[in-house]
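Here the structure comes first, spelled out in structure tokens, and everything after it is commentary.
One-based numbering, in listed order, for ligands and for the atoms of each. Counting from 1, the numbers follow the sequence of the chain as shown. From a predicted model like this one, the values you see are computed outputs, not experimental measurements.
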Amino acid sequence: MPKYSIAIIGAGPSGYFAAMALQNLESDELQFKIDLLEKLPTPWGLVRSGVAPDHPKIKSVSKVFEKVATSGNVSLYGNVEVGRDISLQTLKDRYDAVILASGTSEGRKLGIPGESLDNSLSSAQFVPWYNGHPDFADLKPDFSGDTAIVIGAGNVAMDVARLLAVDPSELEPTDTANHALDSFKDSKIRKVYICARRSPEFAAFTAPELRELPDLHHTNVVINKTDIQAAIDRVGPEPEKHVKSNLDAMLAIAEQPKRNHDRTMEFLFEHVPLAINGSTKVESVTFKTPAGERVIDCSLVVSAIGYQIDTQADIPIESGKVANNNGYVTENLYVVGWAKRGPSGVIGTNKSDAADVMKLLVSKLEQSPKPEFDINQILHAKVVTQPIWEKINNAEVSAGEPLGKPRLKAVSREELLGLGGV
Ligand code: NAP
């Protein structure tokens, strides 16, 4: 029975869903040996280092990932970086097919003056920082001022603004990284503006995320009712369903009775960022608004305006993602997830997307598989296999239990490897 070897680069949602799709395509005539390579000592990608810590339900998809990982034909190779520990060319030579599932890790740039001032950050840094990604633990955002500006009107901008605006006690029962929780506790920020460049009907937020904002216990959430009413008038009686849901949710927020917490998250629409001002550090942002230019003083800026792929050797890149044709890149190389489509959709979007790409991959397999390749022969000794990851996972969950947290995250690579006994 032909057994094809497949390497998947990246153990995030799109990598697991690609493995799952291959498992579903197996038959008596077609078998796979799947090697899942991940540069971090921990798998799960954005489910660990992207999803907001106060959204634990979204993270429950990790149970699906673990089922895929323990279903027999998948081997995890964590702490293995393609390009450092093994080349993409070797993978392409030795495996029947290679799947890029490495996401889009760079934040898009605003391209305005002052973007590189101190304390002007991208969500691509800030989000992994509060989620305990080892590469961002040293970010040290400065929360000593009272006002922060988040630029963007998508769910990531909302996550960032919410994390900055909530009382840290609301993060206590979450898996927010300890270094971030400590910083949030010391934070002097009391006003967070979330700035959309267009009007409310064009916002990329989704309604469930907006609807949960009135539940924040210690934060005033402010939306100008006139802005929403004007948007409702503009879209007319039959707006698209998601636009209507969003505007309804925003109107409900705008109509909430005024509260008097000392923390506020305020939405500003039609604020196009023109410049971030300051001598060495962020001091204010200049916006173009329908009423003319407006300068808002602040000491922290986080732009959350989307992501793009980091430039990797030997991979054709187009518009911030891997150049591909329905997931096919070149030779025996495929791409799935945000690296394929760009940064859009929810985690579940990757399931059907990966299934389509895997069907294409199967249709292009050679008649006979390549000779089986044992990647262990060329890897270093500190590989995080599935049993080692399970040790790390169990140790984090156990450490979180007495604190009422789903897990207490280890952050540095050394600490993570230590928990796994590597
Ligand atoms: P996004 O949804 O594409 O939103 C990006 C935002 O940035 C848009 O409002 C866009 O405005 C704005 N923007 C782009 N360039 C800009 C510029 N130069 N100046 C000012 N604003 C600019 O991206 P995202 O928030 O990174 O989210 C990525 C995906 O992950 C989305 O599909 C999102 O729904 C999903 N996600 C889901 C959840 C959840 O389910 N809870 C959480 C986080 C992320 P324009 O529309 O004007 O371009």
Side-chain angles (χ1 to χ4, degrees), residues 12-14 45-61 103-115 120-128 130-131 149-164 174 193-213 215 227 231 240 242-243 245-247 249-250 267-276 285-290 294 296 301-309 319-321 337-353:
S14 64
L46 281 185
V47 168
R48 183 175 168 102
S49 56
V51 172
D54 57 345
H55 281 165
K57 264 200 209 143
I58 300 180
K59 299 185 191 218
S60 59
V61 69
T104 49
S105 57
E106 301 267 313
R108 278 200 194 120
K109 293 267 181 248
L110 286 163
I112 58 174
E115 196 171 8
S120 160
L121 306 172
S122 160
S123 57
Q125 303 165 284
F126 192 68
V127 172
Y130 62 61
N131 276 324
I149 287 181
V150 180
I151 296 175
N155 284 332
V156 173
M158 195 173 350
D159 284 347
V160 168
R162 198 179 61 252
L163 269 277
L164 284 167
T174 72
Y193 290 104
I194 175 164
C195 301
R197 64 177 168 179
R198 294 195 283 164
S199 45
E201 65 271 38
F202 300 109
F205 310 125
T206 50
E209 281 64 34
L210 286 163
R211 281 191 212 111
E212 70 182 33
L213 293 178
D215 295 337
D227 289 345
E240 280 183 62
H242 77 276
V243 173
S245 307
N246 262 5
L247 291 176
M250 289 192 242
F267 290 71
L268 299 175
F269 294 97
E270 296 185 82
H271 276 57
V272 180
L274 296 178
I276 302 173
V285 179
T286 306
F287 292 97
K288 186 174 92 182
T289 78
R294 176 180 181 190
I296 304 180
V301 172
V302 184
S303 66
I305 58 165
Y307 297 88
Q308 57 194 19
I309 199 162
S319 312
K321 51 196 180 194
W338 282 10
K340 167 186 176 249
R341 308 188 308 274
S344 67
V346 293
I347 286 165
T349 314
N350 294 300
K351 192 172 169 187
S352 52
D353 186 60

Any donor and acceptor pair, going by atom type alone, linking the side chain of D159 with main-chain N or O of V51 inside 3.5 Å? no

How does P343 reach ligand 1, by side chain, by backbone, by both or by neither, if only non-hydrogen atoms under 4.0 Å count? backbone

How far does CG of L247 sit from CD of E240, to the nearest 0.5 angstrom? 11.5 Å

Flag A153 as yes when one of its N or O atoms lies below 3.5 Å from any N or O atom of ligand 1, and as no otherwise. yes

Set out, in order, the CA-CA distance, both residues' side-chain angles and the distance that settles ring-ring contact (aromatic ring centres under 6.0 Å, His included) for Y193 and F287, then state yes or no. CA-CA 12 Å; Y193 290 104; F287 292 97; 8.5 Å; no

Side-chain (N246) to main-chain (A207) donor-acceptor, under 3.5 angstrom: yes

Only heavy atoms count here, so choose which of R197, R108, K57 is nearest to atom 15 (N) of ligand 1. R197

Within reach of ligand 1, part of A304 (heavy-atom separation under 4.0 Å): backbone

Answer yes or no: is there a side-chain heavy-atom contact under 4.5 Å between M158 and L213? yes

Atoms in ligand 1 flagged as close to D159, the criterion being non-hydrogen separation under 4.0 Å: 42 (C), 43 (C)

Nearest to atom 22 (C) of ligand 1, what protein heavy atom do you find, and at what distance? I305 CG2, 3.4 Å

Give, for atom CE of M250 and atom OG of S245, the distance between the pair rounded to the nearest 0.5 Å. 10.5 Å

Any non-hydrogen atom of F205 lying under 4.0 Å from ligand 1? no

Using heavy-atom distances only, which candidate in N155, T206, V156 approaches atom 33 (C) of ligand 1 most closely? N155

Quick one: look at I151 and ligand 1, take heavy-atom pairs under 4.0 Å, and tell me if it's side chain, backbone, both or neither. side chain

Taking the side chain as everything from C-beta on, heavy atoms only, tell me whether C195 gets closer than 4.5 Å to I149. yes

Identify the closest protein heavy atom to atom 32 (O) of ligand 1: which residue and atom is it, and at what distance? G345 N, 2.8 Å

Closer than 4.0 Å: a protein non-hydrogen atom to atom 3 (O) of ligand 1: no

Where ligand 1 meets I58 - atom numbers and elements under 4.0 angstrom, heavy-atom basis: 41 (N)

Can a donor-acceptor pair be found, under 3.5 Å and without considering hydrogens, that links the side chain of H55 to the backbone of P53? no

For ligand 1, is there an atom lying under 4.0 Å from some heavy atom of F287? no

Can you check whether V272 reaches R197 side chain to side chain, under 4.5 Å on heavy atoms? yes

For the residue pair Y130 and F126, does the interplanar ring angle fall in the parallel (under 30°), tilted (30 to 60°) or perpendicular (over 60°) class? perpendicular

Do N131 side-chain atoms and S49 backbone N/O form a donor-acceptor pair below 3.5 Å? yes

Subset of ligand 1 atoms that lie under 4.0 Å from at least one heavy atom of Y307: 26 (O)

Which ligand 1 atoms, with their elements, are less than 4.0 angstrom from a heavy-atom of L110? 17 (C), 18 (N), 19 (N)

Relative to the heavy atoms of A204, which atoms of ligand 1 are at a distance of less than 4.0 Å? 2 (O), 4 (O)

Rounded at 0.5 Å granularity, tell me how far CD1 in I151 sits from CD1 in I305. 8.0 Å

Part of V51 with heavy atoms under 4.0 Å of ligand 1, whether side chain, backbone, both or neither: neither

R198 heavy atoms within 4.0 Å reach ligand 1 at atoms 45 (P), 46 (O), 47 (O)

Heavy atoms of the protein only: does one fall short of 4.0 Å from atom 10 (C) of ligand 1? no

Using heavy atoms and a threshold below 4.0 Å, how should the contact between E209 and ligand 1 be classified: side chain, backbone, both, or neither? side chain

At the 4.0 Å heavy-atom cut-off, does S344 count as touching ligand 1? yes

Ligand 1 atoms nearer than 4.0 angstrom to some heavy atom of W338 are 28 (C), 29 (C), 30 (O)

Could you measure the distance from the OH atom of Y307 to the OG atom of S122? Nearest 0.5 Å is fine. 6.0 Å

